[in-house]
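We name chains A, B, ... by the order of the sequence lines, and we start the count at 1 in each one. Remember, it's a predicted structure, so these values are computed and weren't measured experimentally.
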2 protein chains.
Amino acid sequence: MPALKTESSYPIGKFADLVDLTAPTIRYYESQGLLKARRNDSGRRYFTEADIKWVKFLLHLKGTGMSINDLKQYVTWRAMGDETIPNRLALLENTQADFMKKYREVQHHLEILNDKINWYKQKETGKTDSQEPFADYLNRMGHEE
Amino acid sequence: MPALKTESSYPIGKFADLVDLTAPTIRYYESQGLLKARRNDSGRRYFTEADIKWVKFLLHLKGTGMSINDLKQYVTWRAMGDETIPNRLALLENTQADFMKKYREVQHHLEILNDKINWYKQKETGKTDSQEPFADYLNRMGHEE
DNA sequence: TTACAACTTAAAGTGGACTTTAAGTCAATA
DNA sequence: TATTGACTTAAAGTCCACTTTAAGTTGTAA
């Protein structure tokens, strides 16, 4: 008869590979309280599928601009139970607001970069008045203050 | 009779304010060769409108992810004249490619953040099965691998 | 003219997020 | 059984882009 599909567990190196981090980074995150590892009889860490999901989620939050300290705060509140949901929601909404601000800024930076690239391409192929200063070009394109 | 409108020049503090940096940062950029300041008779730096435009442009490039070292390289090539335009163009296009890669990643992170926020809101207002794990919610929303 | 703010330099310090080192233990394979 | 690779800890080191400090000079306003 088929064995029960037993929950897979991973030593730190394999786990690190699975979440695209290094073993020292995993240990560092654990030291910061962002995750807790189970240990086997000889004291070695092992991780489960649930840990993979958790770390991936953390990395998504981190990717939106949350610092390790923000994540720590989030994790602390999470451990305190449902009464801290408003706190967590506020933290995430602040993160979201900060993110959107930076996002808009960075979009403007990108526009200028794109314009500059096009300006160089134009200059290179000699298609246009190659003496036109970039500032004039930007003006003509409708960019910059 | 009206005086000729003389080109305005700014001491480092005023200049720093105008480009939203600090005086030490301006000195640091100068030390890195990203800009050159003129000096008055007593050795103090002064800056012009052209310097303002230049620094703002540098900050746009920086804002797309270029490091101080990238900017240094760019500035070096610029000083070498038009034969380095292909080099500069390649550098900017690499920057653009890196930027777009990160941009897409970060958009995915944002989606997850937004989903989590909505999930908390739902949980808070008790509108739905508040026992639904976030992973299930993500699945239902069509997100995550 | 006296204060004081703004400037000058060189060098050391900071913060965040890891990364590396050192010294040792454990497990799997030849 | 011997070697090798993966693991353990605590602590020190790294990288980047500034920021701060220290010690001194200059410009301006009361």
Side-chain angles (χ1 to χ4, degrees), chain A residues 8-48 51 55-56 58-75 91 95 98-99 102 105-106 109, chain B residues 8-48 51 55-75 95 98-99 102 105-106 109:
Chain A
S8 25
S9 89
Y10 310 101
I12 195 166
K14 209 152 286 175
F15 179 64
D17 287 350
L18 288 169
V19 297
D20 248 298
L21 294 172
T22 66
T25 300
I26 301 292
R27 292 192 196 98
Y28 169 68
Y29 282 1
E30 191 190 13
S31 79
Q32 297 307 299
L34 302 188
L35 52 91
K36 35 227 142 305
R38 251 119 277 122
R39 303 288 182 129
N40 68 13
D41 289 353
S42 50
R44 292 187 172 196
R45 294 172 181 83
Y46 67 88
F47 300 86
T48 66
D51 294 320
V55 169
K56 284 189 174 175
L58 278 185
L59 291 178
H60 283 307
L61 292 189
K62 191 160 177 299
T64 62
M66 287 179 78
S67 65
I68 299 291
N69 257 90
D70 289 338
L71 294 174
K72 247 187 225 180
Q73 177 64 274
Y74 182 83
V75 167
L91 175 56
T95 299
D98 293 351
F99 180 100
K102 282 208 173 176
E105 285 166 7
V106 109
H109 297 318
Chain B
S8 25
S9 89
Y10 310 100
I12 195 167
K14 210 152 286 176
F15 179 64
D17 287 350
L18 288 169
V19 297
D20 247 297
L21 294 172
T22 66
T25 300
I26 300 292
R27 292 192 195 99
Y28 169 68
Y29 282 0
E30 191 189 14
S31 80
Q32 297 307 298
L34 302 189
L35 52 91
K36 36 227 142 302
R38 253 118 279 123
R39 303 287 183 129
N40 67 14
D41 290 352
S42 50
R44 293 187 172 195
R45 292 172 182 83
Y46 66 89
F47 301 86
T48 66
D51 295 320
V55 170
K56 283 190 175 175
F57 174 60
L58 278 186
L59 292 178
H60 283 308
L61 293 189
K62 190 159 179 296
T64 63
M66 289 179 77
S67 66
I68 297 291
N69 257 88
D70 291 337
L71 294 174
K72 248 188 226 181
Q73 177 63 273
Y74 181 83
V75 167
T95 299
D98 294 351
F99 181 99
K102 282 207 172 175
E105 285 165 8
V106 107
H109 297 318

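Separating the OH atom of A/Y46 from the P atom of D/dT8 is a distance of 13 Å, rounded to the nearest angstrom. Atom CG of B/D41 and atom P of D/dT26 are 12 Å apart (whole Å).
Not counting sequence neighbours, the partners of B/P11 by the side-chain contact (heavy atoms from CB on, under 4.5 Å) test are B/K14. Applying the side chain to side chain donor-acceptor pair (under 3.5 Å) criterion to A/T22, with sequence neighbours excluded, gives A/T25. Considering only residues two or more places apart in sequence or on other chains, A/R44 meets the side-chain contact (heavy atoms from CB on, under 4.5 Å) condition with A/N40, A/S42. Here A/E30 pairs with A/L35, A/A37, A/R39, A/R45 under the side-chain contact (heavy atoms from CB on, under 4.5 Å) rule; sequence neighbours left out. With sequence neighbours excluded, the residues satisfying side-chain contact (heavy atoms from CB on, under 4.5 Å) with B/A16 are B/I26. Considering only residues two or more places apart in sequence or on other chains, A/Q32 meets the side chain to side chain donor-acceptor pair (under 3.5 Å) condition with A/K72. Applying the side chain to side chain donor-acceptor pair (under 3.5 Å) test to A/K36 and every residue at least two apart in sequence or in another chain returns nothing.
Of the residues in residues 27-39 of chain B, those lying under 4.0 Å from DNA chain C by heavy-atom distance are B/R27, B/R39. Residues from residues 63-73 of chain A placing a heavy atom under 4.0 Å of any atom in DNA chain C, listed by number, are A/S67, A/I68.
Rounded to the nearest 0.5 angstrom, A/M66 CE and A/Q73 CD are separated by 9.0 Å. Distance CG/B/L21 to CZ/B/R27: 12.5 Å, rounded to 0.5 Å.
Residues B/T48 and B/D51 bring a donor and an acceptor atom of their side chains to less than 3.5 Å of each other.
Remark: B/S42 is in phosphate contact with D/dG27, judged by side-chain N or O atoms under 4.0 Å from OP1 or OP2.
Minimum interatomic distance between B/L59 and B/V19 (heavy atoms only, all atoms of both residues): CD1-O, 3.7 Å.
Residue pairs that meet the ring pair (Phe, Tyr, Trp, His ring centres under 6.0 Å) test with at least one member in residues 9-37 of chain A, sequence neighbours left out, are A/F15-A/F47.
Using a 4.5 Å heavy-atom threshold, the side chains of A/L71 and A/L61 count as touching.
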For nucleotides 2-5 of chain D, give me every protein contact, N/O to N/O, under 3.5 Å, one pair per line with atom names.
none

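Toward the 5′ end of DNA chain C lies the nearest nucleotide of A/T25, the other residue of the pair A/N40 and A/T25 mapping further downstream.
First and last contacting nucleotides of DNA chain C toward chain B (any atom under 4.0 angstrom from a heavy atom, 5' to 3' order): C/dA6 to C/dT9.
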